[in-house]
Amino acid sequence: MALLTIAQETCKGCGLCADVCPKQILALSREINSKGYHPIAVTDQSKCIGCAFCARMCPDAVIKVEKE
Amino acid sequence: MAVVYEKTGILTDTPLHYCPGCTHGIIHRLVAEAIDELGIQGKTIGIAPVGCAVFAYNYFNTDMMEAAHGRAPAVATGCKRVNPDNIVFTYQGDGDLASIGAAEITHAATRGENITVIFVNNAIYGMTGGQMAPTTLPGQVTTTSPYGRDPALCGYPIRVSEMLATLDGPAYIARCSVHDVKHIMDAKKCIKKAFETQIAKKGFSMVEVLSSCPTNWGMAPREALNWLEANMIPQYPLGVKKEVE
């Protein structure tokens with residue numbers, strides 16, 4: 001079981017994390033943050049394997065990855 | 001739950017001003033993680049350039065200084081000579097380092113100044129609106145080469161790492177890329193190695209990192225990284241160009 005915590009206010013919605021996710025469980029949210037971007041969101045947390053590819057790819061360091 | 005990955009405390013909480021998908025953020029993070037892992041935060045001095053990374057002093061939780069355009073290696077030289085026990089790095093783009101700062105970087109390298117240079121090469125002037133840089137690829141369209149860079153008219157791009165590796169002064173020179181996770185991990189190893197070179201007082205170290213500019217290349221972030229991999233890496237081969245044991 002792994003958990004992603006995303007700082008949605010500082011996410012710029014570039015989507016680079018979604019491209020490198022091996023489980024394809026990241027997608028842009030329908031919400032809009034205060035900067036006007038659609039931040040990234042997890043579509044199915046239960047499938048996350050905690051590889052942290054998304055966090056290593058993120059230019060704005062918005063993703064924290066935890067694993068049991 | 002154990003933390004697998006989180007933002008290092010060497011980066012401040014100030015939101016980065018870079019465009020969405022710009023790899024400056026990744027490279028900032030790699031430099032910060034290297035400083036964190038080496039435990040040198042308290043004695044590190046960073047020199048910020050002119051260019052997109054001009055606000056780098058807002059983002060690093062270390063002492064930072066701002067240099068005039070291209071002059072970061074000269075400022076770093078003074079800084080390091082006055083404070084030889086401090087770790088001094090510069091963070092420069094290709095417009096800053098390869099164009100107006102070509103003299104400073106060449107002479108700092110040939111003097112073997114014991115500093116670390118992080119050179120971010122995205123083959124274009126980003127901040128000023130996407131003009132042709134010394135590193136722009138042949139045929140690449142920019143605002144000042146709207147039909148593509150013509151080498152007959154504008155010459156060929158400079159391979160800075162290879163050029164500096166011919167000098168006797170530098171101790172470590174490598175070129176990396178950040179277009180995928182594997183290369184990001186490799187780039188971090190190179191940046192850490194560059195700082196270790198300085199700590200061991202071996203002399204000048206530089207890591208060139210190939211980067212993208214989605215806004216001025218006119219591409220989506222992932223498309224820009226694919227373009228980097230397909231076009232920039234053949235022109236600028238990755239690898240360690242010089243290493244003194």
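Order of the sequence lines sets the chain letters (A, B, ...), proteins ahead of strands, with each chain counted from 1.
- For the pair B:D180 and A:V20, the minimum side-chain heavy-atom distance is 4.5 Å or more.
- When A:M1, A:E66, A:K35 are compared by the number of non-hydrogen pairs under 4.5 Å with chain B, A:E66 comes out ahead.
- Interface remark: A:D19 contributes side-chain atoms only to the contact with chain B (heavy atom separation under 4.5 Å).
- Both the backbone and the side chain of A:L3 come within contact range of chain B, each with at least one heavy atom under 4.5 Å from a heavy atom of that chain.
- No side-chain heavy atom of B:Y18 sits under 4.5 Å from any side-chain heavy atom of A:P59.
- Contact detail for A:A61 and B:R29: the closest heavy-atom pair is CB-CD, 3.7 Å.
- Considering only heavy atoms from C-beta on, A:K12 comes within 4.5 Å of B:L16 through its side chain.
- With a 4.5 angstrom heavy-atom cutoff, A:A52 touches chain B only via side-chain atoms.
- With values rounded to the nearest 0.5 angstrom, A:F53 atom CZ is found 11.5 Å from B:K182 atom NZ.
- Neither the backbone nor the side chain of A:A7 comes within contact range of chain B; no heavy atom of the residue lies under 4.5 Å from a heavy atom of that chain.
- A:D60 is not listed as a side-chain neighbour of B:K7, based on a closest heavy-atom distance of 4.5 Å or more.
- The two residues B:P221 and A:C14 have their closest heavy-atom pair at CG-O, 3.7 Å.
- Taking both residues in full, the closest heavy atoms of A:R56 and B:Y5 are given as NH1-CE1, 3.3 Å, listed atom of the first, atom of the second, then distance.
- Comparing B:G25, B:A2, B:P15 by heavy-atom pairs within less than 4.5 Å of chain A, the highest count is held by B:A2.
- Your options are B:I27, B:I184, B:L30, and the one with the most heavy-atom pairs under 4.5 Å with chain A is B:I184.
- Nearest heavy-atom pair, B:L225 versus A:M57, reported as atom, atom and distance to 0.1 Å: CD1-CE, 3.5 Å.
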